[in-house]
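Quick notes on the structure that follows.
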Amino acid sequence: MTELDELARRRGFYFPSSETYGGVAGFYTYGPAGAALKANVEDAWRERFSTEEGHVEIDAPTVMPEPVFEASGHLDGFDDMLVRCPECAESHRADHLVEDNTDIEEAESFSPEEIAEVIAENGLTCPNCGTELAGEPVEDFNLMFETNIGPGSDRPGYLRPETAQGIFVEFPRLKEYARGQLPFGVTQIGRAYRNEISPRNAVVRTREFTQAELELFVSPGDPGPETSEFAGIEAPLYAASEQGPNGEPELRDIADAVSDGTIGSAYIGYYLAAAREWYERVGLDMNRFRFRQHQAGERAHYAADCWDAEADVSMPGEDPEWIELAGFADRGNYDLSKHAEGGADDFTVFEAYDEPKVVETATVDPDMSYLGPEFGGDAGAVAEALAELAESDRSAFEGEEVEVDGEVDGETHAVPVEKVNFAVEEVEENGEHVTPNVIEPSFGVDRAVYAALVHSYEADEIDGEERDVLRLPAEVAPTTVGVFPLMDKDGMGETARDLAAELRRAGLDAEYDDSGAIGRRYRRQDEVGTPFCVTVDYESLETDTVTLRERDSTAQVRLPTEELVGTLAELKAGRTDFEALRERHDEV
Ligand code: ATP
């Protein structure tokens, strides 16, 4: 267990679930501090990627019936590669085993047979008991949790492995709310479930986790935003062409990388830039952050371009450990086309042309008084086949007779052209039905929370005393302010309790604490990342002032109590900083 996991457990950020019954790998409970941090991260995501973008948010069920996943391709292809140890029976994710023990960086794109070969060639062994794994079969393992809907087993359902499908299947309704106007975006924050072969690294790889996904539906020809909309935002970009044993990401202006084609879509560039700023806002260290492009073999076959946001979550002194935080994919029209095939509704949008277009259409109006006696019960089908043929092949109507091949009872029927009333007409068309393309930023909330914790964690020394500190931004910290009386006597306790209540009424997360020496109380708040602490002392009772301490600098100022709510709200929203307060108020 890392020092951070130990702190996370002790201070109620996260811990393995159901431990009283022995627990089960891959399930974590967020304690009070973690649940508050996670909720704040979700709020910051919602604010940036839903509200600010003008998108709408939905909340779909986590159990969905089998046809959804037949259509989406998850039933057939949502697999990871599994290898089992013949000795201890422990299951391992075979591609991770290869990545962890060879120079191969992206083993996910290999086939199971190739992975089995690499395992044999490199003499890889079971990480649990050390037994050789050469010759053990590598199998595809479907990650979806199956369940039965209702009594009996005739209606299988699955826990959704991503929130996205809940948006795609409702597209026919959602487009109505968008009044059929592209582009429009729909977001969802919710649980997803994957029966991971080897859950690991605390909340980084679990079997139940939270995703925040945005599906932007765009017109097929839409070139995306102008690069000027996101120019000036730099990030380390690790392009597919640069990846390899000595590869290094390059710090680039994201807009330039779209202009020169490194990033294949302006929409993807736009979201990478937004994500770069958002991750910094929730507490990630931008020196330990990068965007990595998927290799061609790693990308889903339908995806035009795909980038992952990654963070190094190693602890001090360890080798870098890059994990995926979020994926950004240009998915084409794959998802909606699949649900259009499988579902009963219309997954297209009618797009009006700028100017109506005049187009020629070929029609038939068969003489049924001829077709009826001639073809009997097949007459209707022959008429339909003639109409289809007129649309697909006008030249078929150029001779004396037109033949409809094999369409009706597998036979060819000949009809005199004069009985068909074939005509070519000009009609005005105002638009066409299109299947939108999808741009998908897909964030894992748990990994954002974890990376924010790792990056903000520091063990330092204040006045000769060691302390663990989480330098979380005030916006996401579980508690905004600790409120302490110097001692719980002479009215200081009541004043501090009243003050904490007032701060909470103003919507600030305030925690009252009167136990132990004041230094200990500061340390306790530093450990959970509380950015500010207020102390009520004897002078407070006389002058109606309090001291306000900043976690990071440990500097303190004395300010009038009546200014406290406003000042803390400004600090939390980032509209002022502690430096400004030090200029305005007396330092303690
Ligand atoms: P990985 O390769 O790490 O398994 P993925 O490429 O399968 O991830 P996506 O399907 O792109 O992941 O899911 C989007 C996001 O959901 C990921 O970037 C990650 O943050 C989060 N996520 C996926 N699987 C898990 C998991 N088992 N536990 C926690 N978060 C997850």
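Start at 1 and go down the list; that is how both ligands and their atoms are numbered. Bear in mind that the values here come from a model prediction, so they are computed numbers and not experimental data. Each residue takes its place number in the sequence, starting with 1. Atom set for the values below is all heavy atoms of this structure, side chains included, hydrogens, waters and symmetry mates excluded.
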Quiz prompt | Of all pairs that satisfy side chain to side chain donor-acceptor pair (under 3.5 Å), the ones with a partner from residues 15-25, not counting sequence neighbours | solution = Arg9-Glu19, Ser17-Thr29

Quiz item: Does any donor atom in the side chain of Gln295 or Gln243 lie under 3.5 Å from an acceptor atom in the other side chain?
Solution: yes

Practice problem: Return the set of residues passing side-chain contact (heavy atoms from CB on, under 4.5 Å) with Ala309 (not counting sequence neighbours), or none when no residue passes. | Solution: Tyr279, Phe289, Phe291, Leu325, Ala326, Phe328

Self-check item: Amino acids in close contact with ligand 1, where any non-hydrogen atom sits under 4.0 angstrom away
Solution: Arg93, Arg194, Glu196, Val203, Val204, Arg205, Thr206, Phe209, Gln211, Glu324, Leu325, Ala326, Ser442, Gly444, Arg447

Exercise. Applying side chain to side chain contact (heavy atoms under 4.5 Å, CB included) between Gln165 and each of Arg160, Glu170, His74, Glu213, report the one that passes.
Key: His74

Quiz item: At their closest point, which heavy atom of Val68 faces which heavy atom of His339, and how far apart are they?
Solution: O-CE1, 3.5 Å

Quiz item: Which pairs with one or both residues in residues 315-324 pass side chain to side chain donor-acceptor pair (under 3.5 Å), sequence neighbours excluded?
Solution: Asn201-Glu321

